[in-house]
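Note sheet for the following structure.
Each chain gets a letter, A, B and so on, in the order its sequence line appears, and its residues count up from 1. Computed over heavy atoms, backbone and side chain alike; hydrogens, waters and symmetry mates excluded.
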There are 2 protein chains.
Amino acid sequence: MLHVHDLRQEPIQVPTRPRAFEPAARADQTIRLKQDQTIYSEGQKVLAFYQVEAGAIRIYRLMPDGHRHILSFCVKGDWFGLEQGDRRADFAEAVCEARIRPFATTGSSTFTNNLLNIALANLAKAQSRQMAMIEQSALKRVAVFIQEMAERHPGESEFDLMMCRSDVADYLGLTIETVARSFTKLRERRIIRLKGKLQRCVQLLDRDALAALAL
Amino acid sequence: MLHVHDLRQEPIQVPTRPRAFEPAARADQTIRLKQDQTIYSEGQKVLAFYQVEAGAIRIYRLMPDGHRHILSFCVKGDWFGLEQGDRRADFAEAVCEARIRPFATTGSSTFTNNLLNIALANLAKAQSRQMAMIEQSALKRVAVFIQEMAERHPGESEFDLMMCRSDVADYLGLTIETVARSFTKLRERRIIRLKGKLQRCVQLLDRDALAALAL
DNA sequence: CGTCAAATTGATAAGACTCAATGGCAGTGG
DNA sequence: CCACTGCCATTGAGTCTTATCAATTTGACG
């Protein structure tokens, strides 16, 4: 089965004329971010959209009751900040130290065409996540999540999640405890191994078993 | 623990793969659809995208285990069928008798800007749904769903859902039984009243209480 | 050593799923 | 006209998963 997630790992293809970004993409315009630094907040005016160069970004919303829900994690190559309307509907923060490159929202029509592709890619991603969220099983959600993250490190059997359990929980719609328990189950089944003082480094031991869990 | 995610009494219209017509060159001409008629299927080439003129359309995907998940319901004024790539990633079917208008995807560049807006609108909708799906409570999901449907009939306190419980269940990631129980709770609390032989007509009795449930 | 933060583990209860049965309505055929 | 059947929605009983509340572990740092 083809996974729509596939389009996330590669820098989202902007098939026609990548040069169109040239005007906004001057060298040295890269922005460096510290951990938890805010890029924009809900309600702010939309000034630009961004591509991640390094690190990870979390896009989230706050619900009326104060609950935080993370809509997506963006890593190297991912685009974010392209919104409908001229006001931010969500927050963007650095998960860890990160670098991003801003692009102006105004542009030529060929530019608009590229924006369309980015928007469609984001839409596809959102729909895929919708599918994953529907899955009731916590273990399955976590399995899907790990796969999703693993796809961003092709060829490597070991990678750093970068985000804390709380981030994962808010992303998957679970509690911290349930996330931890799911990780433990995967470890007990020898599907993954966790490393590092905060257990955020994942080593894949049995990709097939993981894929089977994720369905 | 074996999670053989059951093929939930796979609803009705499975084996039916009615002829998908080729909208082809004859764009901008209204198409009339019968109930459950297929507009396009997964894997087909993208020939057009559509705007709903009347009735309702369900957009869904089939998971490897045969489980159906409905990504969205589209009613009058909604756009659908705008995808990334040139192949369909999902299915589109008429929920009931419906009318849609096709548009060629090879539009001029003046069109592109509008396409972007449509894509962004769909993206925003998908993200909103992601938020709603995270909500654990079945009652809350159903409340959000009814609100969502009510918003499409502004000024009216009564409207027809058009889709069956099975559709609602696949949309909300619940079982038919849980959907029915939630409807019953809303009825018992005098928040809605259900009408019609199939109880698919909703009358809003207490909008505030509904909004409170939906958070 | 004490403190802190993050993650893990444990016990309990609430909520949703599963299986099973019921009721209402429409169409069909004797 | 009435029994029969199928479809859809609803309800009931039992089981299982996860949220909740609480306690414990681990490593880092002063």
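- Residue B:R141 contributes atom CZ, which lies 14 Å from atom P of C:dG15 at whole-angstrom precision.
- Atom pair B:R187:CZ and D:dA9:P shows a separation of 13 Å (rounding to whole Å applied).
- Taking a cutoff of 4.0 Å between a charged side-chain nitrogen and a carboxylate oxygen, B:R58 and B:D170 do not qualify as a salt bridge.
- Rounded to whole Å, atom P of D:dC8 lies 9 Å from atom CD of B:Q35.
- Rounded to a whole Å, the CE atom of A:M163 is 12 Å from the P atom of C:dA7.
- Within 6.0 Å of atom NZ in B:K125, more than 12 heavy atoms from other residues, nucleotides or ligands are found, so the atom counts as buried in its surroundings.
- Distance, A:L198 CG to C:dA7 C1': 8 Å, rounded to whole Å.
- Listed by first and then second residue, the side chain to side chain donor-acceptor pair (under 3.5 Å) pairs that reach into residues 190-199 of chain A are A:E158-A:K195, A:K195-A:Q203, sequence neighbours excluded.
- Nearest nucleotide to the side chain of B:A138, out of C:dA16, C:dA7, C:dT9: C:dA16.
- By the 6.0 Å contact criterion, CZ on A:R32 is open, its count of non-hydrogen atoms from other residues, nucleotides or ligands being 12 or less.
- Rounded to an integer number of Å, the gap from CZ of A:R165 to C1' of C:dA5 is 14 Å.
- Across the protein-nucleic acid pair, B:L194 atom CG and C:dG23 atom P stand 20 Å apart, rounded to whole Å.
- Side chains of A:Y171 and A:E148: a donor-acceptor N/O pair is present below 3.5 angstrom, by distance only.
- Residue-level contact check: B:R200 touches the backbone only, with heavy atoms under 4.0 Å from sugar-phosphate atoms and none from bases.
- We find that CD1 of B:I192 is positioned 13 Å from C1' of D:dA9, with the value rounded to whole Å.
- Sorted by residue number, the members of residues 172-182 of chain A with any non-hydrogen atom under 4.0 Å from DNA chain D read A:G173, A:L174, A:T175, A:E177, A:T178, A:R181.
- Salt-bridge annotation for A:R189 and A:D206: absent, with no side-chain N of the basic residue lying under 4.0 Å from a carboxylate O of the acidic one.
- A salt bridge is defined here as a Lys NZ or Arg NE, NH1 or NH2 lying under 4.0 Å from an Asp or Glu carboxylate O, and B:E83 with B:R88 meets this definition.
- Contact check, A:S137 against D:dT17: no side-chain N or O comes under 4.0 Å of OP1 or OP2.
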